[in-house]
Novice: 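Can you keep this structure in mind? I'll have questions shortly.
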Amino acid sequence: MGRWEPDAESRFRAAAIELFGEIGYFADKREVLFNGSERLQQTMVDALAQAPAEASALDAIAAALTKAGDFFDDDRRPFARLRSTVIAANTDLRERELIKLATLSAALAQALRERGVSEPDASLAAEAGIAVFRVAFMQWVTESERRDYGGIVKESLARLRMLAAS
């Protein structure tokens, strides 16, 4: 591999996470594992805000979840799998992951309120969206999974709607 090949940041993160997995220590592991969280959040909030005005709260959340698929392509799946394994093995990192998800939920709820969705509906829809996000992501990083993230999100949202209707 040449010294100046493109996507150095991704290669650096992959090497850092591999080191952390092997030796259990990395000086700034949170930055390696959670880099991009703010960008993901902004992308999802923007997609929610751009959903059609007549979209329901859940449809707006679905737009945000679908747009998150831009972050979860097949090229990133090996890194995401390794990241998931490292986080699952470390209490501090699991806590940080939960904080990230809570922050994302709050941002989505705020974006829904800005669209005119009142409470508690905005918070309920945002939390349901985070549940779908987590379930879809965990399925996507499973070693045997071959579907793309967007397809898993679509199926998970359909299941949620069926559960809510019954």
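Note that the structure is predicted; figures quoted are calculated from it, not measured.
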Novice: Please round to the nearest 0.5 Å and tell me the distance separating atom CZ of Arg83 and atom CG of Leu93.
Specialist: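 Answer for the CZ-CG pair, Arg83 versus Leu93, is 9.0 Å.
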Novice: Check side chain to side chain contact (heavy atoms under 4.5 Å, CB included) between Thr85 and all other residues, then give those that pass, not counting sequence neighbours.
Specialist: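 For Thr85 there are no side chain to side chain contact (heavy atoms under 4.5 Å, CB included) partners, ignoring immediate neighbours.
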Novice: Is the number of heavy atoms from other residues, nucleotides or ligands under 6.0 Å of Lys154 NZ greater than 12?
Specialist: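 Check fails, neighbour count at 12 or below.
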Novice: Do Phe137 and Leu82 share a hydrophobic cluster (ILVMFWY, side-chain heavy atoms under 4.5 Å, transitive)?
Specialist: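 No.
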Novice: Do Glu145 and Ile152 have side chains that get closer than 4.5 Å, going by heavy atoms?
Specialist: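 Yes; the side chains approach each other to less than 4.5 Å.
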Novice: Check Arg113 against Ala106 and note the closest heavy-atom contact, atom names and distance.
Specialist: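 Minimum heavy-atom separation between Arg113 and Ala106: NH2-O, 4.3 Å.
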Novice: If you compare all heavy atoms of Ala64 against all heavy atoms of Ala47, which two are closest, and at what distance to 0.1 Å?
Specialist: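 Between these two residues, the closest heavy atoms are CA-CB, 3.9 Å.
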Novice: In Å, rounded to the nearest 0.5 Å, how long is the span from CG of Leu104 to CD of Gln42?
Specialist: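 Result: 11.0 Å between the selected atoms.
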Novice: Under a 4.5 Å cut-off applied to non-hydrogen side-chain atoms, are Arg115 and Leu48 in contact?
Specialist: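 Answer yes - side chains close enough.
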Novice: Between CD1 of Ile130 and CD of Glu127, what distance do you get to the nearest 0.5 Å?
Specialist: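 Spacing of CD1 (Ile130) from CD (Glu127) equals 7.0 Å.
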Novice: Please report the closest heavy-atom contact between Ala89 and Arg94, naming both atoms and the distance.
Specialist: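 Scanning both residues completely, I find the closest heavy atoms to be C-NH1, 4.1 Å.
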Novice: Around Arg147, counting heavy atoms of other residues, nucleotides and ligands shown, do more than 12 lie under 6.0 Å from its CZ?
Specialist: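 Enclosed: over 12 neighbouring heavy atoms sit under 6.0 Å from CZ of Arg147.
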Novice: Would Val45 and Leu58 show up in the same hydrophobic cluster when neighbours are defined by side-chain heavy atoms closer than 4.5 Å?
Specialist: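 Each belongs to a different hydrophobic cluster.
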Novice: In Å, rounded to the nearest 0.5 Å, how long is the span from CZ of Phe133 to CG of Leu108?
Specialist: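 Those atoms lie 9.5 Å apart.
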Novice: So, Arg81 and Ser84: side-chain donor and acceptor under 3.5 Å apart, yes or no?
Specialist: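 Note: Arg81 and Ser84 side chains miss the donor-acceptor criterion.
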Novice: Strictly distance-based, threshold 3.5 Å: is any side-chain N or O of Thr66 a donor or acceptor partner for the main-chain N or O of Ala63?
Specialist: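 Such a contact is absent between Thr66 side chain and Ala63 backbone.
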Novice: How many angstroms lie between atom CG of Leu98 and atom OG1 of Thr103, to the nearest 0.5 angstrom?
Specialist: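 Leu98 CG to Thr103 OG1: 10.5 Å, rounded to 0.5 Å.
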Novice: Should Arg77 and Asp148 count as an ion pair when the cut-off is N to O under 4.0 Å?
Specialist: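 No, no charged N to carboxylate O under 4.0 Å.
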Novice: Flag yes if Phe79 and Phe71 sit in one hydrophobic cluster, no otherwise; membership is Ile, Leu, Val, Met, Phe, Trp, Tyr, and two members link when side-chain heavy atoms are under 4.5 Å apart.
Specialist: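 No; Phe71 is not reachable from Phe79 via cluster members.
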Novice: List the steps, then state whether salt bridge (charged side-chain N to carboxylate O under 4.0 Å, His left out) holds for Asp59 with Arg161.
Specialist: CA-CA 11 Å; Asp59 287 340; Arg161 290 174 197 265; 2.8 Å; yes
Novice: Of the non-hydrogen atoms in Ala60 and Ala55, which two are nearest, and what is the gap between them?
Specialist: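 Smallest interatomic distance, heavy atoms only, reads N-CB, 4.3 Å.
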Novice: Does any non-hydrogen side-chain atom of Asp73 lie less than 4.5 Å from one of Arg76?
Specialist: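 Counting from C-beta outward, Arg76 and Asp73 do come under 4.5 Å.
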Novice: Grouping I, L, V, M, F, W and Y whenever their side-chain heavy atoms are under 4.5 Å apart, do Met138 and Leu101 come out in a common cluster?
Specialist: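 Shared cluster, yes.
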Novice: Tell me the closest heavy-atom pair linking Ala136 and Tyr149, and the distance in Å.
Specialist: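 Heavy-atom minimum between the residues: CB-CE1, 4.0 Å.
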Novice: Are Leu112 and Asp121 side-chain neighbours, meaning at least one heavy-atom pair lies under 4.5 Å?
Specialist: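 A side-chain contact under 4.5 Å is absent here.
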Novice: Would you say Leu160 and Leu124 are hydrophobically clustered, going by side-chain heavy atoms of ILVMFWY under 4.5 Å?
Specialist: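 No, because Leu160 and Leu124 fall into different hydrophobic clusters, even though each may have its own neighbours under 4.5 Å.
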Novice: Under a 4.0 Å threshold between the charged nitrogen and the carboxylate oxygen, would Glu97 count as salt-bridged to Arg134?
Specialist: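 Salt bridge: no.
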Novice: Trp140 vs Phe72 aromatic rings, parallel, tilted or perpendicular, using cut-offs 30° and 60°?
Specialist: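 Tilted: the ring planes of Trp140 and Phe72 meet at 30° to 60°.
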Novice: Ignoring hydrogens and geometry beyond distance, is a side-chain donor-acceptor pair present between Gln110 and Glu114 at under 3.5 Å?
Specialist: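 On atom types as modelled, these side chains qualify, holding a pair under 3.5 Å.
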Novice: Which heavy-atom pair separates Ile61 from Ala126 by the least distance, and what is that distance?
Specialist: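 Of all heavy-atom pairs spanning Ile61 and Ala126, the closest is CD1-CA, 3.9 Å.
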